[in-house]
Amino acid sequence: MTEESRDGEILIEIKGMKKWFPIKGGMLSAVKTYVRAVDGVDLQIKRGETLGIVGESGCGKTTLGRVLLGLIPITDGSVFYDGEDIRTIPDRELRRKMQIVFQDPGGSMNPRKSVRSIVGEPLQVNRLAEGVELTQKVADVLDSVGLKREHMNRFPHEFSGGQKQRLALARSLSLDPEFILLDEPTSSLDVSVQAQVLNLLEEIQEKHGLTFVFITHALNVVNHISDRVAVMYLGKIVEIAPRDALYDAPLHPYTEALLSAVPHPDPSQEATRERIILKGDVPSPSNPPQGCNFCTRCPKVQDICRSVEPEWRDFGDGRYAACHLLD
């Protein structure tokens, strides 16, 4: 897939990304096969945008995000940050530019450390602040996410789920990064708390000029926060488009099926809406189907789908998809 930056400059560019995990067996622990978690992804992320990445559990969203951040090594391909290969950027410099908010905020924090230590640790590690200055910077970043200075001496277990997510966001903001990867940041929260966190993210993005990648399987959340949406299935991106265009008229059958599962707020339309129920399970990423990855579950499958992998096509206005039905 090749995209042109129409709305802004490219901050991150992914070319041919693959992340395969070896499966070993036998007495000599030889590699028998590979789990193709990410299997050839090309993607561009524009500065200042929010790109949503959606798909079923196990489709490779989180792995893509962690390779993108340099947290796990890439098998093949490249990731460029502001034109520079991330493998050539010193780790400490990369962490100051790129941060992550994990799905389970409590699990990503040391329960024996106070809020001051948790939020202030990135500043200490990077030798940016100590003592009184550190305390003031922690107070400022807590204030920016809706937490109070008096929370500084508390511990993670003393916070609610929504407050823990704000705390995780505060930690990621402490280094004043340009890019934040949000990995299912609202999946464990109540609906009302989800809305608060999403509104907070929009406020912070506008204030700091941040670029977000928002990974989730909740399409209603993506519809609220994203500028563009990329749809993943079995390690590959099958469609990418501006949010409104994708929701109004999806091109790929898998995208259609995902959107058909999203409840409609109007009860009368919900009662008459046709849902697309996909048959079978997602194939194993260690043994993907020949041809199109989606051919074993697609309700519109053709003979060519079972033997020939579809190519990316540009449909204009930032819309791209890979499907033989669109040829």
TODO: Test L251 against R319 for side-chain contact (heavy atoms from CB on, under 4.5 Å), laying out the working first.
DONE: CA-CA 9 Å; L251 297 176; R319 304 202 68 176; 3.6 Å; yes
Open item on the list: Determine whether L64 and V41 satisfy the following criterion, side-chain contact (heavy atoms from CB on, under 4.5 Å), listing intermediate values before the conclusion.
Closed with: CA-CA 9 Å; L64 185 153; V41 168; 3.9 Å; yes
Open item on the list: What verdict does the side-chain contact (heavy atoms from CB on, under 4.5 Å) test give for E239 and L246, after you've listed the backbone C-alpha separation in whole Å, the side-chain angles of each residue and the deciding distance to 0.1 Å?
Closed with: CA-CA 9 Å; E239 181 172 357; L246 183 128; 3.9 Å; yes
Open item on the list: Run E49 and R228 through salt bridge (charged side-chain N to carboxylate O under 4.0 Å, His left out) and show every step you take.
Closed with: CA-CA 8 Å; E49 78 167 341; R228 291 189 302 144; 2.7 Å; yes
Side chains of residues 194-203: which donor-acceptor pairs under 3.5 Å do they make with residues two or more places apart or in other chains?
unit_1, atom_1, unit_2, atom_2, d
Q194, NE2, T186, O, 3.0
Q194, NE2, L189, O, 3.2
N199, ND2, A195, O, 3.2

Report, one line per pair, each donor and acceptor closer than 3.5 Å where one atom sits in a side chain of residues 96-105; sequence neighbours left out.
unit_1, atom_1, unit_2, atom_2, d
K97, NZ, E93, OE2, 3.2
Q99, NE2, R95, O, 2.7
Q103, NE2, S187, OG, 3.2
D104, OD1, G106, N, 3.4
D104, OD1, G107, N, 3.3
D104, OD2, G107, N, 3.4

Check: residues 14-34 side-chain donor-acceptor pairs under 3.5 Å, at least two apart:
unit_1, atom_1, unit_2, atom_2, d
K19, NZ, P73, O, 2.8
W20, NE1, D39, OD1, 3.1

Please list every donor-acceptor pair under 3.5 Å in which a side-chain atom of residues 214-224 meets a protein atom from a residue at least two apart or in another chain.
unit_1, atom_1, unit_2, atom_2, d
T216, OG1, E184, OE1, 3.4
T216, OG1, A218, N, 3.0
H217, ND1, E184, OE2, 3.0

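Here the shortest heavy-atom pairing between I237 and W312 reads O-CZ2, 2.6 Å. Counting all heavy atoms, side chain and backbone alike, M152 lies closest to V138 at CG-CG1, 4.0 Å. Shown here for R92 and N126, the closest heavy-atom pair between the two residues is CG-OD1, 2.8 Å. When all heavy atoms are compared, the tightest approach of P283 to T296 is CG-OG1, 3.4 Å. The two atoms that bring V141 and A170 nearest to each other are CG2-O, 3.4 Å, heavy atoms only. Contact record, R87 with S78: NH2-OG, 3.2 Å, taken as the closest heavy-atom pair.
Residues meeting the salt bridge (charged side-chain N to carboxylate O under 4.0 Å, His left out) test with E56, sequence neighbours left out: R297. When the side chain to side chain donor-acceptor pair (under 3.5 Å) test is applied to K137, no partner is found at least two apart in sequence or on another chain.
L234 has its side chain within reach of P289: a pair of non-hydrogen atoms, C-beta onward, lies under 4.5 Å apart. The shortest side-chain heavy-atom distance between F212 and Q205 falls under the 4.5 Å cut-off. Between C323 and C292, the closest side-chain pair of non-hydrogen atoms is not below 4.5 Å.
Panel note: side chain T63, backbone G60; no donor-acceptor pair is recorded below 3.5 Å. Here the side chain of Q136 pairs no donor or acceptor atom with the backbone of E133 at under 3.5 angstrom. The closest donor-acceptor contact from the side chain of R275 to the backbone of A261 lies at 3.5 Å or more, if one exists at all. Of the possible donor and acceptor atoms, none in the side chain of D143 sits under 3.5 Å from a partner among the backbone N and O of A139. Of the possible donor and acceptor atoms, none in the side chain of D82 sits under 3.5 Å from a partner among the backbone N and O of L11. A donor-acceptor distance shorter than 3.5 angstrom exists from the side chain of T211 to the backbone of G48, with no hydrogens or angles considered. Judged by distance alone, the side chain of D314 and the main-chain N or O of G316 form a donor-acceptor pair under 3.5 Å. Judged purely by atom type and a 3.5 angstrom limit, S174 has no side-chain atom pairing as donor or acceptor with the backbone of G120. Checked by atom type and distance alone, the side chain of R66 never pairs as donor or acceptor with a backbone atom of L71 at under 3.5 Å.
A distance of 11.0 Å separates OH in Y254 from CG in N293, rounded to the nearest 0.5 Å. Taking CG from L142 and OG from S144, the interatomic distance works out to 7.5 Å, rounded to the nearest 0.5 Å. Put simply, CG on L69 and CD1 on I86 are 7.5 Å apart, with the number rounded to the nearest 0.5 Å. Interatomic distance, CG of L325 versus SG of C305, reported as 6.0 Å (0.5 Å rounding). The distance from the CG atom of L134 to the CG atom of L123 is 6.0 Å, given to the nearest 0.5 Å. We find the CD1-CG distance between I240 and L51 to be 5.5 Å, quoted to the nearest 0.5 Å.
In this pair, F294 and H252 present their aromatic rings tilted. The plane angle is within the 30 to 60° band.
If you check the side chains of Y81 and E13, you find no donor sitting under 3.5 Å from an acceptor. With no hydrogens or angles considered, no side-chain donor-acceptor pair links Q163 and R154 at under 3.5 Å. In this structure, a donor-acceptor pair under 3.5 Å is present between the side chains of T62 and D183. Between the side chains of T135 and R149, no donor-acceptor pair of N or O atoms lies under 3.5 Å.
In the hydrophobic clustering of this structure, F179 does not group with F80; members are Ile, Leu, Val, Met, Phe, Trp, Tyr whose side-chain heavy atoms approach within less than 4.5 Å, directly or through other members. The same ILVMFWY cluster, assembled from side-chain heavy atoms under 4.5 Å apart, contains both I72 and V213. A continuous path of hydrophobic side-chain contacts links Y247 to V238 [ILVMFWY only; heavy atoms under 4.5 Å]. Criterion: ILVMFWY side-chain heavy atoms under 4.5 Å apart, direct or through other members. Under it, I276 and V54 are part of a common hydrophobic cluster. At a threshold of 4.5 Å between side-chain heavy atoms, the hydrophobic network of Ile, Leu, Val, Met, Phe, Trp and Tyr places F155 and F159 in two separate groups.
Residue E311 qualifies as open at atom CD: its count of foreign heavy atoms under 6.0 Å is 12 or below. Around CG of D91, the count of heavy atoms belonging to other residues, nucleotides or ligands within 6.0 Å exceeds 12. By the 6.0 Å contact criterion, CG on D303 is open, its count of non-hydrogen atoms from other residues, nucleotides or ligands being 12 or less.
Salt-bridge formation is not detected for the pair E121/R171: no Lys NZ or Arg NE/NH1/NH2 atom is positioned less than 4.0 Å from an Asp or Glu carboxylate oxygen. Ion pairing between E256 and K300 holds under the 4.0 Å rule for side-chain N and carboxylate O.
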